[in-house]
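These notes are about the structure you will find just below.
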Amino acid sequence: MATPDQKSPNVLLQSLCCRILGRSEADVAQQFQYAVRVIGSNFAPTVERDEFLVAEKIKKELTRQRREADAALFSELHRKLHSQVSNYATLFAQALPRDAHSTPYYYARPQTLPLNYQERSAPLAQSSGSLGSSGISSTGVHTLNGPTPPPPSLLPGQSHLGPGTGDCLRQQLGARLAWTLTASQPSLQTTTSKGVPSAASRSMTRPRRDGDAGGAVEVTEAALVRDILYVFQGIDGRNIKMSSADNCYKVEGKANLNKSLRDTAMRLAELGWLHNKIRKYTDQRSLDRSFGLVGQSFCAALHQELKEYYRLLSVLHSQLQLEDDQGVNLGFESSLTLRRLLVWTYDPKIRLKTLAALVDHCQGRKGGELASAVHAYTKTGDPSMRSLVQHILSLVSHPVLSFLYRWIYDGELEDTHHEFFVASDPTVKTDRLWHDKYTLRTSMIPSFMTMDQSRKVLLIGKSINFLHQVCHDQTPPTKMIAVPRSAEPLQDAADLFTDLENAFQGKIDAAYFETSKYLLDVLNRKYSLLDHMQAVRRYLLLGQGDFIRHLMDLLKPELARPATTLYQHNLTGILETAVRATNAQFDSPEILKRLDVRLLEVSPGDTGWDVFSLDYHVDGPIATVFTRECMSHYLRVFNFLWRAKRMEYILTDIRKGHMCNAKLLRSLPEFSGVLHHCHILASEMVHFIHQMQYYITFEVLECSWDELWNQVQQAQDLDHIIAAHEAFLGTVISRCLLDSDSRALLNQLRAVFDQIIELQSTQDAICRAALEELQRRLQFEDKKKQREAEGQWGVTAAEEEQENQRIREFRESIPKMCSQLRILTHFYQGVVQQFLVLLTTSSDESLRFLSFRLDFNEHYRAREPRLRVSLGARGRRSSHT
């Protein structure tokens, strides 16, 4: 009876080989080993290998068809699909296929591998079974935790497996290794002509790296491969270590390497340097809470990419471990070499270079500024790199969009680390909420958002807070905005970025239009914004003509008194009387109760005309449009218009005096020349004031108001109304000569106004003297007639002489009166002449045209050469100056 060893499959197979070839056992050793591998192998590739080979072929075919974008998209989708099957990835990670560049990455960083690793050429323990006779030592298996003792046999049909891992995993790994070795048979045959190298020859002792320190140590490529795998993880090897001085990995000087291996090792070591740079950034920033959510998202994206990189390292180390356990030499086609590592790490190196460049570019940045820095790297022609950066950008922009949607849908700003481009100042009070509380951080605006989009985002949240805090409108934002908010937040970062590029503009526009429309409707319907604007136009800009004229008539006795004798309650009563007596009584009580009298600061010598002003009280949401600065501008404009209206009022009184005095003083023919002179000067002043009033009323106020009203009617948000209102005030201030550039013009105009007041006082004095003379003459004639009626002499010689003396004195005073009027006329015309010269050099075209209307008969042009320049030349001269 045969022994079990004689009937074992190994003995039977060896006998079969001897019988077929007709040779001895020593001569058929190579064929016998090949037969063992054939029987124990599975020629059909595994499912995992088929999947990734097909995936690579698809990507290469898409690239060949110039469909790089589709190839990048396919690669990204395949990666996502594969990341969801963790068990499948773990099983596949136990051995490295020949197409290493298509290998899926590990999703978790492997544990740090020990440095006291076993030499790849160390002798393996031989089993006591049939392996001893056949010399097969390359079919051992290993577990996830390291090598285990090889089983007695891996031949098909034997159920005798070593302890350690599950049977299924051992059978799979054994089948995979057998297939790999079978594929490498041609190269095996070329290495020797005497059959399979024995275990003793593969385990020949190599020079140790810790040899004699006095001389150079020869380093094998296998040792370099193992060192490089550790360098890939940022761990110094025995021969390749990090140089702090040069900030790079270097091969130790005592290592005996040829130039080719040294250069290749240095090229591979760059991958470890890139890894260290990225890992150092993530380790530092991950612990920094002030880095914010956007920064943490960036670190998470980098971690995710590093995990994929660690998966490749895990697979490479698994292959190296497998070769150590099975005794595969560098001559085999499937073994790890430096050149193979160069090929397999080409794509990961490009990805790490991109990530390292991002890390450099993002140093010192956070929030929206960091997102802009990442977005700048999407503008590349490489589809795979663009896909990588877009994937990182989708993760980085996720917190920004979370801030944004919370702001535009709820009006809430939770930006602890100041990452969002909308900034809030909690110290600002409610009355300045719209103007000062919320602002844009320009540096934090992501580059994939335009300034117009950022402004709309700011206005949406600001409108919601303005409605809640200032207007006391507690309507939920969901009812303001007709566009429904997504029930669930976007889960996938890639989908989120797609939303950012496509539907984002639509969401912003819809929320902006709906919120702004609701806010303007509340202001107009509940707070009567447009009615208040019209009231300010009527009362502060003197648009209510009948009210202003009657108010001036009522106030004339009071305002003629010194300013220190005025009392505000008396003036308020007069104001109410003027309101009840004119069409102003039909205005809304809400408007009339805001109208009030205001007395300006009193200076020595001021009269009531100098300190009187109307005021319009504003509060609540209306004060957002009519701010304190705006009301101060209205006060300046009112004082200017009130003063100009007073000049018109004074000249009207002068004309009335002319008409009355012309009839009363007909009996004083010597006084007719004085009256004529007064009439001529008053006519010049009336022409000047009428032209100024026409310019102010129609060209300035009415045109500007019409433009303002049209802009308010077409305004899309409150900022448009505020901007239009400020532009209106700016135009009125500049064209009414109240800005700093028109200070000289305003001074000349005030001098003209002073001459009008001087003419009134001079004419009153002259006419008063003439009327007194007329009264004395009439009294003298009446006395003379009365005495003649009584039968007495009408007048004595002494009385007649006295009367003639008084008449002579009056006639002698007439030249003085004329001289006084001539001086007043000369001074007035000089002031007007200087005013016209300033008008011709003004940059405002309307002011230059005003100079033509004021000098319609070219009276001043004939006297002043500077006024003889044509309008075109004046415009060119002003543009040059």
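Applying the ring-ring contact (aromatic ring centres under 6.0 Å, His included) criterion to Y438, with sequence neighbours excluded, gives W407. In this structure, the side-chain contact (heavy atoms from CB on, under 4.5 Å) partners of T427, at least two apart in sequence or on a different chain, are D425. Partners of K379 by side-chain hydrogen bond (donor to acceptor under 3.5 Å, both in side chains), not counting sequence neighbours: none found. With sequence neighbours excluded, the residues forming a ring-ring contact (aromatic ring centres under 6.0 Å, His included) with Y377 are H361, listed by chain and number. Legend: residues meeting side-chain hydrogen bond (donor to acceptor under 3.5 Å, both in side chains) with S384, ordered by chain and number and at least two apart, are D382. With sequence neighbours excluded, the residues that form a side-chain hydrogen bond (donor to acceptor under 3.5 Å, both in side chains) with S447 are H375. Not counting sequence neighbours, the partners of N247 by the side-chain contact (heavy atoms from CB on, under 4.5 Å) test are M242, W273. Scanning for side-chain hydrogen bond (donor to acceptor under 3.5 Å, both in side chains) contacts around S244 gives an empty result, with sequence neighbours left out. With sequence neighbours left out, the side-chain contact (heavy atoms from CB on, under 4.5 Å) criterion links S454 to F421, L440, I445, M449. Listed by chain and number, the residues in a side-chain contact (heavy atoms from CB on, under 4.5 Å) with K241 are D236, E252 (sequence neighbours excluded).
One distance of note links CZ of R406 with CD of E414; it measures 4.0 Å at 0.5 Å rounding. The line from CG of N465 to CG of D410 is 10.5 Å long, rounded to the nearest 0.5 Å. In this structure, CG on L302 lies 7.5 Å from CG on L358, to the nearest 0.5 angstrom. Rounding to the nearest 0.5 Å gives a distance of 11.5 Å between CG of D436 and OG of S424. The structure places OH of Y309 at 13.5 Å from CG of D347, a figure rounded to the nearest 0.5 Å. Remark: T345 OG1 to L229 CG distance equals 10.0 Å, nearest 0.5 Å.
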Report the C-alpha separation of V428 and L433 in whole Å, then their side-chain angles, then the decisive distance to 0.1 Å, and conclude whether the side chain to side chain contact (heavy atoms under 4.5 Å, CB included) test is met. CA-CA 7 Å; V428 176; L433 182 144; 5.6 Å; no
Carefully, step by step, assess V225 and T220 under the rule side chain to side chain contact (heavy atoms under 4.5 Å, CB included). CA-CA 9 Å; V225 169; T220 62; over 6 Å; no
Between L341 and T264, is the side chain to side chain contact (heavy atoms under 4.5 Å, CB included) condition met? List the steps. CA-CA 10 Å; L341 285 180; T264 306; over 6 Å; no
Could you go through E61 and Q65, starting from their C-alpha distance and side-chain angles, then the distance that decides it, and tell me whether this counts as side-chain hydrogen bond (donor to acceptor under 3.5 Å, both in side chains)? CA-CA 6 Å; E61 180 64 22; Q65 296 177 5; 2.9 Å; yes
Show your reasoning for whether side chain to side chain contact (heavy atoms under 4.5 Å, CB included) applies to H391 and L395. CA-CA 7 Å; H391 172 68; L395 298 179; 4.1 Å; yes
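You'll find the side chain of W434 reaches within 4.5 Å of the side chain of D719, heavy atoms only. Inter-residue side-chain proximity for I278 and E305 is flagged as unmet; no heavy-atom pair is nearer than 4.5 Å. In this structure the side chain of F291 reaches within 4.5 angstrom of the side chain of Q296, judged on heavy atoms. Considering only heavy atoms from C-beta on, S397 comes within 4.5 Å of F448 through its side chain. Between L261 and V251, the closest side-chain pair of non-hydrogen atoms is not below 4.5 Å. Between I58 and H78 there is no side-chain heavy-atom pair separated by less than 4.5 Å. In this structure, the side chains of I228 and L338 come closer than 4.5 Å at one or more pairs of heavy atoms. Residues Y512 and Q453 are not in side-chain contact: their nearest non-hydrogen atoms beyond the backbone lie 4.5 Å or more apart.
Residue pairs meeting the salt bridge (charged side-chain N to carboxylate O under 4.0 Å, His left out) criterion with at least one member in residues 439-452, sequence neighbours excluded, are D415-R441, D452-K456. Here salt bridge (charged side-chain N to carboxylate O under 4.0 Å, His left out) pairs that include residues 262-278, with residues two or more places apart or in two chains, are K259-D263, E270-K349, E270-K353, K277-D360.
Annotation: Y310 is not in aromatic contact with H317 [ring centroid separation under 6.0 Å not met].
Between H303 and R279, the shortest heavy-atom distance links the atoms CE1-NE, 4.4 Å. What you find for P383 and A69 is that their closest heavy atoms are CB-N, 4.4 Å. Here the closest non-hydrogen pair linking W344 and L312 is O-CD2, 4.2 Å. In terms of heavy-atom proximity, R386 sits nearest to T380 at NH1-O, 2.5 Å. Heavy atoms only, all atoms of each residue included: H418 and K366 are closest at O-CE, 4.1 Å. Contact between D227 and I240 at its shortest, heavy atoms only, is OD2-N, 3.7 Å.
When atom types are taken as modelled, the side chain of T354 and the backbone of I350 share a donor-acceptor pair closer than 3.5 angstrom. Here the side chain of E369 pairs no donor or acceptor atom with the backbone of C362 at under 3.5 angstrom. S402 contributes a side-chain N or O that, together with a main-chain N or O of H398, makes up a donor-acceptor pair within less than 3.5 Å. Looking at S75, its side chain never comes within 3.5 Å of a backbone N or O of A71 through a donor-acceptor pair. Under a 3.5 Å cut-off, the side chain of E419 and the backbone N or O of V294 do form a donor-acceptor pair. Of the possible donor and acceptor atoms, none in the side chain of S318 sits under 3.5 Å from a partner among the backbone N and O of S314. Side chain of Y230 to backbone of R238: no donor-acceptor contact under 3.5 angstrom is found.
Within a 6.0 Å radius of CZ in R432, other residues, nucleotides and ligands contribute more than 12 heavy atoms.
Side chain to side chain, N276 and Y249 meet the donor-acceptor criterion of an N or O pair below 3.5 Å.
Ion pairing between a basic and an acidic side chain is recognised when a charged N comes within 4.0 Å of a carboxylate O; R455 and D717 show such pairing. Electrostatic pairing of R285 and D288 counts as a salt bridge here, judged by a charged N lying under 4.0 Å from a carboxylate O.
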